[in-house]
There are 2 protein chains.
Amino acid sequence: MKKQEYTEKQIRMARYAKALGNPARVAIIDFLARQETCFFGEIHEQLPIAKATASQHLSELKEAGLIQGEIMPPKVKYCINKENWMEAKALFGEFFGQCVCKNRQCCG
Amino acid sequence: MKKQEYTEKQIRMARYAKALGNPARVAIIDFLARQETCFFGEIHEQLPIAKATASQHLSELKEAGLIQGEIMPPKVKYCINKENWMEAKALFGEFFGQCVCKNRQCCG
DNA sequence: TGATTTGTTCGTAATTTTACGAATAAATTT
DNA sequence: AAATTTATTCGTAAAATTACGAACAAATCA
């Protein structure tokens, strides 16, 4: 019998994972997670990519819910979205906690 | 000054995250993490996708190092790759632990 | 031996991702 | 008002992802 759908958790996990599935986006989060101030320019300075590309990656992280932006003309301030960050943290925690590897022979 | 490269950790994080960036692959891991036996057929049964596609997703998970396969003619047994699983777990744990959100105002 | 079971690989198509420079928009500075 | 600063959006191109059915390979069963 074929499963009809994925669970909501699986879909959300995949969504967050996908957002983190690029070194530039991981680097952006690494940076944002440790900074008080986080203007676009500062973020872009950390990355070996063009401005347009950095902006695109920030959009994807925002779309995924991991970060949020606030316009402070003429700059834009970005930061971690706390609520979704916590959700992602919990999802990944649960995900990586579920393996019963230690209790069995596994392959090989 | 532009950063020249991403760190090894960032690259590895992104690699694991990317592998988990699809609901089918999350579902596969969810299943494998809880099963003693894990033949291809059983895995495929859980998924709303074609055999060829399931095989492809398993390849990607294997390539990323999260799972491993063992041929048991005429079947193929898959399971979590413990060593890399632990590494990924540690990487994600560290990643999600680094946010200083709680100690600051953040955006808004 | 021939048929069946099991899973991968091939060929292909549609979509998404990643990246860049140029153009643009919005506010500030001169 | 004109020039500058800041960041996004546009247009585009190359590559990767996702999906499928058909063909194939490898071992077992009848």
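Each chain gets a letter, A, B and so on, in the order the sequences are listed, and its residues count up from 1.
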For this session: Starting from C1' on D/dC24, measure out to NZ on B/Lys51 and report it in whole angstrom.
Result: 11 Å
Seminar exercise, completed: Closest to the side chain of B/Ser59, out of C/dT8, C/dT9, D/dA7, is C/dT9
Exercise. Given C/dA19, is OP1 or OP2 found less than 4.0 Å from the side-chain N or O atoms of A/His57?
Worked result: yes
Exercise. Does some side-chain heavy atom of A/Phe40 sit less than 4.5 Å from a side-chain heavy atom of A/Lys51?
Worked result: yes
Exercise. Quick one: A/Glu60 CD to D/dT8 P, roughly how many Å, whole number?
Worked result: 13 Å
For this session: Give the nucleotide from the list C/dT18, C/dC20, D/dT9 with an atom nearest to the side chain of A/Ile49.
Result: C/dC20
Exercise. Closest to the A/Ser55 side chain: D/dT28, D/dT8, C/dA19?
Worked result: D/dT8
Problem set entry | Atom-pair distance (NZ on B/Lys18; C1' on D/dT17), nearest Å | 8 Å
For this session: Would you mind telling me which residue lines up with the more 5' stretch of DNA chain C, A/Arg25 or B/Ala52, judged by nearest nucleotide?
Result: B/Ala52
Problem set entry | Whole-Å distance separating the CD atom of A/Glu70 from the P atom of C/dA26 | 18 Å
Exercise. Can you find a pair of side-chain heavy atoms, one from B/Phe31 and one from B/Leu47, that are under 4.5 Å apart?
Worked result: no
For this session: Please state how far atom CD1 in B/Ile11 lies from atom C1' in C/dT18, giving the value in whole angstrom units.
Result: 16 Å
For this session: For the side chain of B/Pro74, starting at C-beta, report the closest nucleotide among D/dA7, C/dT5, C/dG7.
Result: C/dT5
Exercise. Which of these nucleotides, C/dG7, D/dT5, C/dG21, is closest to any side-chain atom of A/Ala50?
Worked result: C/dG21
Exercise. Is the CD atom of A/Gln98 crowded by more than 12 outside heavy atoms at less than 6.0 Å?
Worked result: yes
Seminar exercise, completed: Testing C/dT8, D/dT8, C/dA19 for proximity to the side chain of A/Thr53, the answer is C/dA19
For this session: List in chain and number order the residues that pass ring-ring contact (aromatic ring centres under 6.0 Å, His included) with A/Phe96, two or more places apart in sequence or in another chain; answer none if no residue qualifies.
Result: B/Trp85, B/Phe92
Exercise. A/Phe40 CZ to C/dA25 C1': how many Å, rounded?
Worked result: 15 Å
Exercise. Within less than 4.0 Å of OP1 or OP2 of C/dT18, is there a side-chain N or O belonging to A/Asn22?
Worked result: yes
For this session: Could you check how far CG of B/Leu58 sits from P of D/dT17, rounded to whole Å?
Result: 16 Å
Problem set entry | Any residue meeting salt bridge (Lys or Arg N to Asp or Glu O under 4.0 Å) with B/Glu87, in chain and number order, not counting sequence neighbours | B/Arg12
Exercise. What's the CD-P distance between B/Gln56 and D/dC20, to the nearest Å?
Worked result: 10 Å
Problem set entry | Closest to the B/Lys75 side chain, choosing from C/dT6, D/dT6, D/dG21 | C/dT6
